[in-house]
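In what follows, a structure is listed as structure tokens, so that the remarks can point back to it.
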Amino acid sequence: MLSELDQIEQKGLQALETIQDEASLEGWRVAHLGRAAPLMLVFDQLGKLSKEERPVIGRRANEVKRALEAAYSNRSNALRQSALQRSLQSERLDVTLPGRGLPIGRLHPATISMHEVVRSFADMGFQVYRSSEAETDEYNFGLLNMPPHHPARDMYDTFYTSMPNVSLRPHTSPGQIHVMRQYAPEPIRAILPGICYRYEQISARHETQFNQIEVLAVGKNITLGDLKGTLSDLARRLFGQNMHTRFRASYFPFTEPSAEFDFECLICGGKGCAVCAWTGWLEIGGCGMVHPIVLQNGGYNPAIFTGFAAGLGTERIMMDKHRIEDIRYFWANDMRFLEQF
Ligand code: FA5
């Protein structure tokens, strides 16, 4: 029986040397140390041996068991180590590699321009008022003294919606009525920034969507001088003391008298270009004294109150400031343009 135990030990240790993975190792454990293993059968037979043989065989059987268990545990550790080494090699993590950069967003140039103009007006005591981009015909035109079929409607090439009487606002002026109706008979100093839409022939100076800032002041002693002073001051706040501006007589049904407000064209330096329509002056907005009918529609008594209003194109202001020679850059979504601001 002692030689049988020697064989058991030898075979077990030999078999263990060929084991290369965890599954075969478990198979080996069941075969050599499991309940039905030859070694365990030796233990089962110990009771049947003589008094003399039993301690000798028992001791040897225990030795073999410990030897197999120790070899099993060494092999198991070795396999785990080599599996770890393999995974470290194949799933190697280079902690010195730079991470993936997150692109940092920035404000759109049209928004930057809007913010600059809003800040200047805020410094002059104007409050920001928001009004919606889709308006009824009444607000876009009717309440601004343009009843149906009024020829001045032709100046606003409007996008109509599938909802009767609702269109995208072609200017921010309908907001004047909303502010007046909310605050009458209190005095008003408000600006209304926002996007406008026109079915427009696109050119270096015209887009189908553009931002305007509506300016509205209503009170008891407001004059044309206040309008001219406020807009001239805006130009100086944005461009410095030496900025040249001019007012040209014009016509809007919702103001009387009316004017266009121009900045000197810094894009061509006054020589004439596609943006200033070869005049040397860049039209920034329309303005005038609020028409008595509009004041009345807003809830103010025109015998007591007067007011001025203006609608300024903020992309045009940005174009003048940064010498941008085509308005189409604003919405073309070209990063080479957008990243410059
Ligand atoms: C108006 O929209 C009037 N509502 C302005 C106004 C308000 C007058 C209050 C009196 C009182 P106008 O159509 O001229 O006016 O547009 C005003 C400004 O918006 C223009 O001077 C220009 O700077 C800008 N603008 C108008 N159309 C476009 C366009 N298609 N693309 C880019 N900017 C435009």
Side-chain angles (χ1 to χ4, degrees), residues 109-110 113-114 117 131 135 139-141 143-146 150 152-159 168-180 188 190-218 222 224 226-228 230-231 234-235 238 245-263 265 267 274-277 279 281-291 293-295 298 306-321 324 326-331:
S113 180
M114 187 67 96
V117 180
S131 79
E135 285 283 7
Y139 275 87
N140 271 334
F141 302 112
L143 293 165
L144 293 172
N145 201 21
M146 278 182 278
H150 191 291
R153 287 188 177 215
D154 285 352
M155 297 198 301
Y156 304 94
D157 301 298
T158 309
F159 286 113
L168 299 181
R169 63 176 175 195
H171 56 166
T172 43
S173 298
Q176 287 185 30
I177 303 289
H178 290 295
V179 193
M180 286 195 268
I188 293 172
I191 50 170
L192 298 98
I195 209 134
C196 304
Y197 305 89
R198 284 188 205 175
Y199 183 58
E200 190 86 80
Q201 176 74 51
I202 294 175
S203 68
R205 50 195 263 120
H206 291 104
E207 254 293 2
T208 50
Q209 62 170 56
F210 54 95
N211 283 286
Q212 277 191 350
I213 289 200
E214 192 77 9
V215 189
L216 177 68
V218 178
I222 290 181
L224 187 65
D226 295 321
L227 166 64
K228 290 187 75 176
T230 305
L231 294 188
L234 171 76
L238 293 172
T245 57
R246 72 173 185 182
F247 290 84
R248 280 180 291 128
S250 185
Y251 169 76
F252 294 99
F254 34 95
T255 45
E256 181 58 36
S258 304
E260 302 280 0
F261 178 54
D262 298 344
F263 284 1
C265 182
I267 300 165
V275 182
C276 66
T279 62
W281 292 91
L282 187 51
E283 183 198 306
I284 297 298
C287 58
M289 299 304 289
V290 182
H291 196 286
I293 290 180
V294 176
L295 280 173
T306 53
F308 71 74
L312 311 174
T314 50
E315 280 87 355
R316 295 252 182 108
I317 295 175
M318 190 75 167
M319 290 170 81
D320 211 20
K321 192 159 197 177
I324 300 167
D326 199 310
I327 198 170
R328 282 167 284 204
Y329 285 127
F330 279 85
W331 309 113

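When a ligand or atom number is given, it counts from 1 through the structure's own listing order.
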For Lys321, look at atom NZ and say whether over 12 heavy atoms of other residues, nucleotides or ligands are found less than 6.0 Å away. yes
Numbered atoms of ligand 1 (with element) below 4.0 Å of His206, judged on heavy atoms: 29 (C), 30 (N), 31 (N)
Can you tell me if Glu315 uses its side chain to pair, donor with acceptor, with the backbone of Asn211 under 3.5 Å? yes
Sub-4.0 Å atoms of ligand 1 with respect to non-hydrogen atoms of Glu200: 27 (N), 29 (C), 30 (N)
Would a distance-only check, ignoring hydrogens and angles, find a side-chain to backbone donor-acceptor pair under 3.5 Å from Ser113 to Thr314? yes
What residue and heavy atom of the protein are closest to atom 23 (O) of ligand 1, and at what distance? Ile284 O, 2.8 Å
Is the backbone N or O of Cys276 less than 3.5 Å from a side-chain atom of Thr279, with the two atoms forming a donor-acceptor pair by type? yes
re atom 24 (C) of ligand 1, the protein heavy-atom contact at minimum distance is Gly313 CA, 3.8 Å
Indicate yes or no: does an N/O atom of Thr255 lie under 3.5 Å from an N/O atom of ligand 1? no
Within-cut-off N or O pair, Ala310 and ligand 1, under 3.5 Å: no
Name the closest protein heavy atom to atom 15 (O) of ligand 1, giving the residue it belongs to and the distance to 0.1 Å. Phe252 CE2, 3.5 Å
Is Ser203 reaching over with its side chain to a backbone N or O of His206, donor-acceptor style, under 3.5 angstrom? yes
Could you tell me if any non-hydrogen atom of Gln176 lies under 4.0 Å from any atom of ligand 1? yes
Any sub-3.5 Å donor-acceptor pair from Arg169's side-chain atoms to Ser131's backbone N or O? yes
Using a 4.0 Å cutoff against the non-hydrogen atoms of Arg205, which atoms of ligand 1 qualify? 31 (N), 32 (C)
So, does Cys287 sit close enough to ligand 1 that a heavy atom of it is under 4.0 Å from the ligand? yes
For ligand 1 and Ala309, I'd like to know whether there is a polar contact (N/O to N/O, distance under 3.5 Å). no
Using the ring centroid of each side chain, check whether Phe254 and His171 are separated by less than 6.0 Å. yes
Check ligand 1 against Ile327 and write out every atom of the ligand that is under 4.0 Å from a heavy-atom position of the residue. 32 (C)
With a 6.0 Å cut-off (strictly less than), is the heavy-atom count around CZ of Phe159, excluding the residue itself, greater than 12? yes
Under 4.0 Å from any heavy atom of Gly311, which atoms of ligand 1 are there? 5 (C), 6 (C), 7 (C), 9 (C), 17 (C), 18 (C)
Any donor-acceptor pair under 3.5 Å linking the side chain of Arg246 with the backbone of Asp262? no
Starting from atom 12 (P) of ligand 1, locate the nearest protein heavy atom and write down its residue, its atom name and how far away it is, to 0.1 Å. Arg198 NH2, 3.9 Å
Quick check: Glu214 and ligand 1, any N/O pair under 3.5 Å apart? no
When distances are taken from atom 14 (O) of ligand 1, the protein heavy atom at minimum range is Glu283 OE2, 3.5 Å
For atom 19 (O) of ligand 1, what is the nearest protein heavy atom, given as residue, atom name and distance? Gln212 NE2, 3.0 Å
For Phe261, state whether at least one heavy atom is located under 4.0 Å from any atom of ligand 1. no
Donor-acceptor check, side chain of Gln212 to backbone of Thr172, threshold 3.5 angstrom: yes or no? yes
Can you report which non-hydrogen protein atom sits closest to atom 31 (N) of ligand 1, along with the distance? Glu207 N, 3.0 Å
Exceeds 12 heavy-atom contacts within 6.0 angstrom, atom OH of Tyr251: yes
Using modelled atom types only, decide if a donor and an acceptor are shared between the side chain of Thr230 and the backbone of Asp226 within a distance under 3.5 Å. yes
Parallel, tilted or perpendicular: which one describes the rings of His178 and Tyr139, with boundaries at 30° and 60°? parallel
Residue, atom name and distance, where the atom is the protein heavy atom closest to atom 22 (C) of ligand 1: Arg316 NH1, 3.4 Å
Proximity winner for atom 29 (C) of ligand 1, if only heavy atoms of Phe210, Phe308, Tyr199 are counted: Phe210
